[in-house]
Amino acid sequence: MRNWLKRLVYRRITSLKRRDAARLSAQRKRQARGARRQFLYFHRFGDPASVLMPGPVRALAERFDADIVCHLVGLPEAAVVPEPDQLDAFALADSARLAQRLGLDVPSLATPPTAERVAAAEAAAAESLGGPDALERIAAIDAALWSGGDLPPGGIGAAAARQAGEALRDRLGHFQSATLWYEGEWYWAADRLHHLEARLIGETGDAGLTPQIPVLHESSRTGDCGGARLTFFPSLRSPYTYLAAERVFALARRWNVEVDIHFVLPMVMRSLPVPRRKGVYFLKDCAREAQRLGLPFGDISDPLGRPTERGLAVLHRAIGQGKGEAFLLSFLRGAWSEGLDGGSDRGLRIMAERAGLDRTDVDAALADESWRAVAERHRTELAGLGLWGVPSYRVGDCAVWGQDRLWVVEDALQHMAEHST
């Protein structure tokens, strides 16, 4: 597909104007039918992120007069989980950390349940999925599952219920559990439910309603970490890296930390698949996160392939000249909000010049293939930290993934500053 046509498609996917119009249309149709709001919730037993969902979902439903229809799903297909063992280990720690930060009362997530107990939990829940108290029953079963308690008896309908839930979820356009669908939009995991709450408050038209779900983000705190190192793993093809990059460097300046840019190739260029519905969800999620962060987003020139290779070649040279931050920010802004094509000489030259690099620098960078070995070394380092996705970060003993986990990095920096000698 030609670049200009791709840009039109991306603008359509990420358009907040189109999103808001679709919201209003769905709301009016529901009101014309005299129907109540309805949340579709997709739960997977054994998924730590799912453990966090019932409480906040129930609170939103009660506050905004919504019905909840529960569905069971199983393990995601291999195509959407490129590193399942690493994801499972990370999800345990991340969900426990997230539950604490959100103030959720959940069972210990230290030890995942066995496959046999997960199957028993599914069988117990499948018996009452259609009832009005299905979410409460799911939460109670999950609590027993993770705490090692006795599970209620179940029947034989779990497989059919799981298949039906997965078929519906897939048809509506998602790929994971711990997900909620409401009138055309997806909300994945407890830390995205604040977007749903804001939408529902907007629907009521009551400006006096106060949000109750916290938005987790880094603060403006400052401290002195004495020039410690923060390793930043970005990818030029990651819109989430774009959302994080400026904030990473700002965070480092507030805490007197030096940033080491350890760039990696995009997952799809490392033979890790990104199916279409996964990519579409990520773009829509990035659009609303960009809106929250006040960042321009959506005029996208996808840097897959040659643009990323050229960009990494220049980034490698820029880092050596002390201009890595400037070029990284310039390239990401160009690719994800300005429609600049890093695969063209003009696009790459614009990105480079505003970072203080001239044509001679660009030509020399493009003639140097040494960046490839460096990117592979960074990938190996990332995998050694138990991570695979981007953006990721390491500071001290803390290694974490996600543009929405910079608050974790900030907490680690504060701890480092407080305990430095």
task: Would you indicate whether the side-chain heavy atoms of Arg44 and Leu72 approach each other to under 4.5 Å?
output: no
ring-ring contact (aromatic ring centres under 6.0 Å, His included) partners of Trp401, counting only residues at least two apart: Phe90, Trp388
field: Spacing of Tyr240 atom OH and Leu332 atom CG [to the nearest 0.5 Å]
entry: 15.0 Å
message: Would the distance check show the side chain of Ser330 and the main-chain N or O of Ala326 forming a donor-acceptor pair, the cut-off being under 3.5 Å?
response: no
- prompt: What ring pair (Phe, Tyr, Trp, His ring centres under 6.0 Å) pairs are there with at least one residue in residues 283-314, not counting sequence neighbours?
  reply: none
field: Partners meeting salt bridge (Lys or Arg N to Asp or Glu O under 4.0 Å) with Arg117 (sequence neighbours left out)
entry: none
Glu369 bridged to Arg372 by N-O distance under 4.0 Å: yes
query: Residues two or more places apart in sequence or in another chain: which of them pass salt bridge (Lys or Arg N to Asp or Glu O under 4.0 Å) with Arg162?
result: Glu122
query: For Leu382 and Ser392, which heavy atoms make the closest approach, and how far apart are they?
result: CD1-CB, 3.6 Å
- prompt: Quick one: salt bridge (Lys or Arg N to Asp or Glu O under 4.0 Å) pairs with a partner in residues 25-34, sequence neighbours left out?
  reply: Arg30-Glu183, Arg30-Glu203
query: If you look at every heavy atom in Pro214 and Gln212, which pair is closest and at what distance?
result: CD-O, 3.5 Å
field: Evaluation steps, side chain to side chain donor-acceptor pair (under 3.5 Å), between Arg37 and Gln27
entry: CA-CA 9 Å; Arg37 295 184 178 93; Gln27 180 183 356; over 6 Å; no
task: Considering non-hydrogen atoms only, spot the tightest contact between Ala110 and Leu92 and give its length.
output: O-CD1, 4.4 Å
- prompt: Trp186 vs Trp181 aromatic rings, parallel, tilted or perpendicular, using cut-offs 30° and 60°?
  reply: perpendicular
query: Under the salt bridge (Lys or Arg N to Asp or Glu O under 4.0 Å) criterion, do Lys17 and Asp20 qualify, and how do the steps go?
result: CA-CA 5 Å; Lys17 184 177 180 180; Asp20 292 344; over 6 Å; no
message: Can you tell me how the ring of Phe232 sits relative to the ring of Tyr393, calling it parallel under 30°, perpendicular over 60° and tilted otherwise?
response: parallel
message: I'd like to check the salt bridge (Lys or Arg N to Asp or Glu O under 4.0 Å) partners of Glu127; sequence neighbours left out, ordered by chain and number.
response: none
- prompt: Is His262 reaching over with its side chain to a backbone N or O of Thr231, donor-acceptor style, under 3.5 angstrom?
  reply: no
- line: Taken in chain and number order and not counting sequence neighbours, the residues that satisfy side chain to side chain contact (heavy atoms under 4.5 Å, CB included) with Pro113 are Val118, Leu145, Trp146
- prompt: Within a reach of under 6.0 Å around CG of Asp206, are more than 12 heavy atoms found that belong to other residues, nucleotides or ligands?
  reply: yes
- request: Given side chain to side chain donor-acceptor pair (under 3.5 Å), test Asn3 with Ser301 step by step and report yes or no.
  value: CA-CA 7 Å; Asn3 189 55; Ser301 179; 3.1 Å; yes
message: Using salt bridge (Lys or Arg N to Asp or Glu O under 4.0 Å), reason through Glu376 and Arg379 one step at a time and then give a plain yes or no.
response: CA-CA 5 Å; Glu376 175 58 21; Arg379 184 203 64 78; 2.8 Å; yes
task: Before giving the answer on side chain to side chain contact (heavy atoms under 4.5 Å, CB included), spell out for His43 and Val73 the whole-Å C-alpha distance, their side-chain angles and the decisive distance to 0.1 Å.
output: CA-CA 6 Å; His43 190 92; Val73 294; over 6 Å; no
query: Under the 3.5 angstrom rule, does the side chain of Arg292 hit a backbone N or O of Arg288 as a donor-acceptor pair?
result: no
message: Per the salt bridge (Lys or Arg N to Asp or Glu O under 4.0 Å) rule, what does the pair list look like for residues 60-69, sequence neighbours excluded?
response: Arg36-Asp67, Arg63-Glu197
query: So do the side chains of Glu418 and Gln414 get within less than 4.5 Å of each other, counting heavy atoms only?
result: yes
- request: Side-chain contact test, heavy atoms from C-beta onward, threshold under 4.5 Å: evaluate it for Cys225 versus Leu413 and give yes or no.
  value: yes
- prompt: Could you walk me through whether Asn256 and Asp224 pass the side chain to side chain donor-acceptor pair (under 3.5 Å) check?
  reply: CA-CA 5 Å; Asn256 187 20; Asp224 189 353; 2.6 Å; yes
- request: Mind checking salt bridge (Lys or Arg N to Asp or Glu O under 4.0 Å) for Asp142 and listing every partner two or more places apart, or none if nothing turns up?
  value: none
query: So which heavy atom on Ile138 is nearest to which on Phe45, and how close?
result: O-CE2, 3.8 Å
Pairs meeting criterion side-chain hydrogen bond (donor to acceptor under 3.5 Å, both in side chains) with involvement of residues 404-413, two or more places apart: Asp94-Arg405, Arg101-Asp411, Asp191-Arg405, Arg192-Asp404, Ser219-Glu410, Arg221-Glu410, Arg221-Asp411
message: Within the 4.5 Å heavy-atom criterion, are Phe282 and Ser238 side-chain neighbours or not?
response: no
- request: Give a yes or no on this: more than 12 heavy atoms of other residues, nucleotides or ligands lie within 6.0 Å of atom CD of Gln31.
  value: yes
- request: Flag the pair Val400 / Arg97 as yes when at least one side-chain heavy-atom distance between them is below 4.5 Å, and no otherwise.
  value: yes
- request: Give a yes or no on whether the backbone of Gly305 and the side-chain of Thr308 come within a donor-acceptor separation of less than 3.5 Å.
  value: no
- request: Would you please say whether a donor-acceptor pair under 3.5 Å links the side chains of Tyr187 and Arg199?
  value: yes
field: Minimum side-chain heavy-atom gap Phe327-Ile319 below 4.5 Å
entry: no
- prompt: Does anything in residues 94-132 pair up under ring pair (Phe, Tyr, Trp, His ring centres under 6.0 Å), and if so which pairs, sequence neighbours excluded?
  reply: none
message: Do the side chains of Glu185 and Lys284 get close enough for a salt bridge, i.e. N-O under 4.0 angstrom?
response: no
query: Taking all atoms of both residues into account, what is the closest heavy-atom pair of Trp188 and Ser177, and its distance?
result: NE1-O, 3.3 Å
- prompt: Does Val395 reach the side chain of Met416, with side-chain heavy atoms less than 4.5 Å apart?
  reply: yes
- prompt: Counting distance only, does the side-chain N/O of Arg310 pair as donor-acceptor with the main-chain N or O of Gly342 below 3.5 Å?
  reply: yes
- prompt: Counting only N and O atoms by type, is there a donor-acceptor contact under 3.5 Å from the side chain of Ser25 to the main-chain atoms of Ala21?
  reply: no
- request: To the nearest 0.5 angstrom, please state how far the CZ atom of Arg247 sits from the CG atom of Leu293.
  value: 5.0 Å
- prompt: Nearest 0.5 Å, what's the CZ-CG distance between Phe331 and Leu340?
  reply: 9.5 Å
- line: Here the ring pair (Phe, Tyr, Trp, His ring centres under 6.0 Å) pairs for residues 46-89, sequence neighbours left out, are Phe42-His71
- prompt: Can any side-chain N or O of Arg229 pair as donor or acceptor with the backbone N or O of Gly396 at less than 3.5 Å?
  reply: no
field: Sub-4.5 Å side-chain heavy-atom contact between Trp255 and Thr222
entry: no
field: Minimum heavy-atom distance between Ala99 and Val106, given as atom pair plus value
entry: CB-CG2, 3.7 Å
field: Gap between atom CG of Asp341 and atom CD1 of Ile300 - 0.5 Å precision
entry: 13.5 Å
field: Salt-bridge criterion met for Arg306 and Glu309 (N-O under 4.0 Å)
entry: no
